[in-house]
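Have a look at the structure below, then the notes.
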Amino acid sequence: MAGPDLGVECVDSNDIITVLASEGIEFLLSGEGKVPLSSTEGKMICLFFSANWCRPCRTFTPQLVQIYNSLIKTGRMIEIIFISFDRDETGFGEHFKSMPWLAVPFNVDLHRRLSDHYHVDHIPSFIPVGLDGKSIEEDAIGLIEDYGASAFPFTSQRREELKAMDNAKRQGGKLEELLANEGRNHVISSSGREILVSELVGKTIGLYFAAHWCPPCRAFTAQLIEAYNKLVATRNQCFEIIFVSTDRDHQEFDLSLSNMPWLAIPYEDKARQDLCRIFDIKGIPALVLLGSDGKTISTNGRAIISSYGALAFPFTESRTTEIEAALKEEGDALPRQVKDLKHEHILKLDMAKAYVCDSCKKLGRFWAFSCDVCDYDLHPTCVEEKQETYLEDPVMGLV
């Protein structure tokens, strides 16, 4: 989470208690009053640099409160010390009242020196201090946003462990590890029915990242529904889509899912955020395709569906190659341009992702004969019928 840049230089750090004492700090503050510096002994200390005027700080703080309470509840020896960047004591008090941890008493000059000492150049900033009170880890805001309480103890080693776990889930081919967790072994349908993840093993899976508020998502959802319905009808249920919502609230999630014929990760489940991180989703709509072995086939399923629809199943590179070869062969056998009796302009051979034929009024895909002058398209089969009739006319001829 990017916050305001404070432009501070990096310097060496020392024992946090010694640093605080050397600055003349005799006590810390809690929600109930003053506490001695010694109350932090034996605990892992994390310094939280934040301010009430900073919107990213106010957004991050509730998440940190939830994580802190969870860690305390499970017996983790951790203490957070709030170091304020507020402009006055009123702002400091307003911000601190939402925090269950400790704080350095408000002093603008002191807080500036502490931020200097711990090389803080933006807020919010969360600096873990080792159990020895000396070793400083890098800012853990991003780590916490990605992994929550699982990020504890917020060290570089833990960061690498978590990344390795993500990679194992992405490449490991174990669908249940990817889609389920300790508290949930199912996905849901739009009607609320629970389907065990174990029942999906062996199927080709599409993980669909989208949101109701996103117009491109709504447009692509229509294409995906068309392909999905064809595959469900013709492939003996060997394909399934799991909706991974990026909606802003549960109401939007319900609206999204109500228009979808497939399954979904429950909105309240953290697996939604985990899957976005694991597959490095930077924009929506996005479609990740997993093979029947559970391993990733493609992270660009959107392009595959947009280009080939259900024809692309099972979405492998070899299948794409087959389609391209067949389309080329089909295109090579068609004339470059034709003249249709019912249209005044020359129609040129073109490749289109989707169109409606102006003769039979049915949806078309791939090859079409299109007019450069006006919006007129024909299926090649429809043109052939017109072309044959036209070739029998010795007066007009065929261009």
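What you see is a predicted model; the values in this text were computed from it and never measured.
Side chains of H111 and D86: no donor on one and acceptor on the other come within 3.5 Å. In summary, the side chains of N300 and S298 do not present any donor paired with an acceptor at a separation below 3.5 Å, with no hydrogens or angles considered. Between the side chains of H95 and S84, not a single donor N or O lies within less than 3.5 Å of an accepting N or O. Counted by atom type alone, Y118 and D139 present zero donor-acceptor pairs between their side chains at under 3.5 Å.
Between D146 and R277 there is no salt bridge, since no side-chain N of the basic residue sits under 4.0 Å from a carboxylate O of the acidic one. Checked for salt-bridge contact, K43 and E79 meet the test: a charged N lies under 4.0 Å from a carboxylate O. Between E26 and K34 there is no salt bridge, since no side-chain nitrogen of the basic residue lies less than 4.0 Å from a carboxylate oxygen of the acidic one. Salt bridge absent: K348 and D350 never bring a charged side-chain N and a carboxylate O closer than 4.0 Å.
Closest approach of D247 to S256, counting heavy atoms only: OD2-OG, 3.1 Å. Shortest non-hydrogen contact noted between P285 and C217 is N-SG, 3.6 Å. In terms of heavy-atom proximity, N69 sits nearest to P100 at OD1-CG, 3.8 Å. Considering all non-hydrogen atoms of both residues, H122 and V120 come closest at O-CG1, 3.3 Å. Residues R58 and N52 come closest through the heavy atom pair NH1-O, 2.7 Å. V373 and H345 make their closest contact through CG1-CE1, 3.5 Å (heavy atoms, listed as atom of the first residue, atom of the second, distance).
The environment of CD in E161 is crowded: more than 12 heavy-atom neighbours from other residues, nucleotides or ligands sit within 6.0 Å. Atom NZ of K174 has 12 or fewer neighbouring heavy atoms from other residues, nucleotides or ligands inside a 6.0 Å radius. Atom NZ of K270 sits in a crowded spot, with more than 12 heavy atoms from other residues, nucleotides or ligands closer than 6.0 Å. The environment of D332 atom CG is dense: over 12 non-hydrogen atoms of other residues, nucleotides or ligands sit within 6.0 angstrom. Around atom CD of E317, no more than 12 heavy atoms belonging to other residues, nucleotides or ligands sit under 6.0 Å away. R193 CZ: 12 or fewer foreign heavy atoms inside a 6.0 Å radius.
Counting heavy atoms from C-beta on, the side chains of E23 and R113 come closer than 4.5 Å. For the pair L47/V129, a side-chain contact is recorded, criterion being any heavy-atom separation below 4.5 Å from C-beta on. A 4.5 Å side-chain heavy-atom check between L311 and K230 finds every atom pair outside the cut-off. Using a 4.5 Å heavy-atom threshold, the side chains of M351 and F366 count as touching. Contact check for T320 versus F315: no side-chain heavy atoms found under the 4.5 Å cut-off. F48 has its side chain within reach of F60: a pair of non-hydrogen atoms, C-beta onward, lies under 4.5 Å apart. Between F253 and L255, every side-chain heavy-atom pair lies at or beyond the 4.5 Å cut-off. Using a 4.5 Å heavy-atom cutoff, the side chains of I284 and W213 are in contact.
Remark: side-chain polar atoms of E329 are not paired, donor with acceptor, to backbone N or O of A325 under 3.5 angstrom. No donor-acceptor pair closer than 3.5 Å links the side chain of D280 to the backbone N or O of C276. R76 places no side-chain N or O within 3.5 Å of a backbone atom of I78 that could act as its donor or acceptor partner. Between the K339 side chain and the H343 main chain, a donor and an acceptor come within less than 3.5 Å of each other. At least one donor-acceptor pair under 3.5 Å links the side chain of T246 to the backbone N or O of A210. Put simply, the side chain of R218 gets close to the backbone of H212: a donor and an acceptor are under 3.5 Å apart. Formation of a donor-acceptor pair under 3.5 Å by the W367 side chain with backbone atoms of L327 is found in this model. Judged purely by atom type and a 3.5 angstrom limit, S98 has no side-chain atom pairing as donor or acceptor with the backbone of T61. Under a 3.5 Å cut-off, the side chain of S125 and the backbone N or O of D121 do not form any donor-acceptor pair. Side-chain atoms of R170 come within 3.5 Å of backbone atoms of I278 as a donor-acceptor pair (strictly under, hydrogens ignored).
Transitive grouping of hydrophobic side chains (ILVMFWY, heavy atoms separated by less than 4.5 Å) brings I83 and W53 into a common cluster. When hydrophobic clusters are built by joining Ile, Leu, Val, Met, Phe, Trp and Tyr residues whose side-chain heavy atoms come closer than 4.5 Å, directly or via intermediates, F243 is grouped together with F239. Transitive grouping of hydrophobic side chains (ILVMFWY, heavy atoms separated by less than 4.5 Å) brings I265 and L200 into a common cluster. I242 and V232 fall into different hydrophobic clusters, defined by Ile, Leu, Val, Met, Phe, Trp and Tyr side-chain heavy atoms under 4.5 Å apart, directly or through other members. The hydrophobic clustering, which links ILVMFWY residues whose side-chain heavy atoms are closer than 4.5 Å, places V288 and L175 together.
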Apply side-chain hydrogen bond (donor to acceptor under 3.5 Å, both in side chains) to the pair Y208 and T221, showing each step before the final yes or no.
CA-CA 9 Å; Y208 182 37; T221 296; 2.7 Å; yes

Can you check side chain to side chain contact (heavy atoms under 4.5 Å, CB included) on R112 and D116, steps first, answer last?
CA-CA 6 Å; R112 186 176 295 113; D116 234 352; 5.6 Å; no

Applying side chain to side chain contact (heavy atoms under 4.5 Å, CB included) to I205 and L289, what does each step give before you reach the verdict?
CA-CA 6 Å; I205 301 292; L289 296 167; over 6 Å; no

Between L20 and F27, is the side chain to side chain contact (heavy atoms under 4.5 Å, CB included) condition met? List the steps.
CA-CA 9 Å; L20 294 177; F27 57 85; over 6 Å; no

Show your working on side chain to side chain contact (heavy atoms under 4.5 Å, CB included) between L290 and L207 and close with a plain yes or no.
CA-CA 8 Å; L290 309 177; L207 299 178; 4.1 Å; yes

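Taking the ring centre of Y267 as origin, the terminal cationic atom of R272 falls inside the region bounded by 6.0 Å and 45° from the ring axis.
The distance from the CD atom of Q157 to the CG atom of L162 is 10.5 Å, given to the nearest 0.5 Å. How far CG of L179 is from CG of D274: 11.0 Å, rounded to the nearest 0.5 Å. Taking CG from L196 and CD from E199, the interatomic distance works out to 4.5 Å, rounded to the nearest 0.5 Å. The distance from atom CG of L71 to atom CD of Q66, rounded to the nearest 0.5 Å, is 10.5 Å. From I80, atom CD1 reaches atom CD1 of I127 across 12.5 Å, with rounding to the nearest 0.5 Å. Taking CZ from F126 and CD1 from I141, the interatomic distance works out to 7.5 Å, rounded to the nearest 0.5 Å.
Between F106 and F96, the distance from one ring center to the other does not fall under 6.0 angstrom. Two rings, from F82 and F92, have their centers less than 6.0 Å apart. When ring centroids are compared, Y355 and H379 come within the 6.0 Å threshold.
Using a 30° and 60° split on the angle between ring planes, W101 and Y68 fall in the perpendicular class, above 60°.
Exactly one residue among I195, L263, V187 makes a side-chain contact (heavy atoms from CB on, under 4.5 Å) with E240. That residue is L263.
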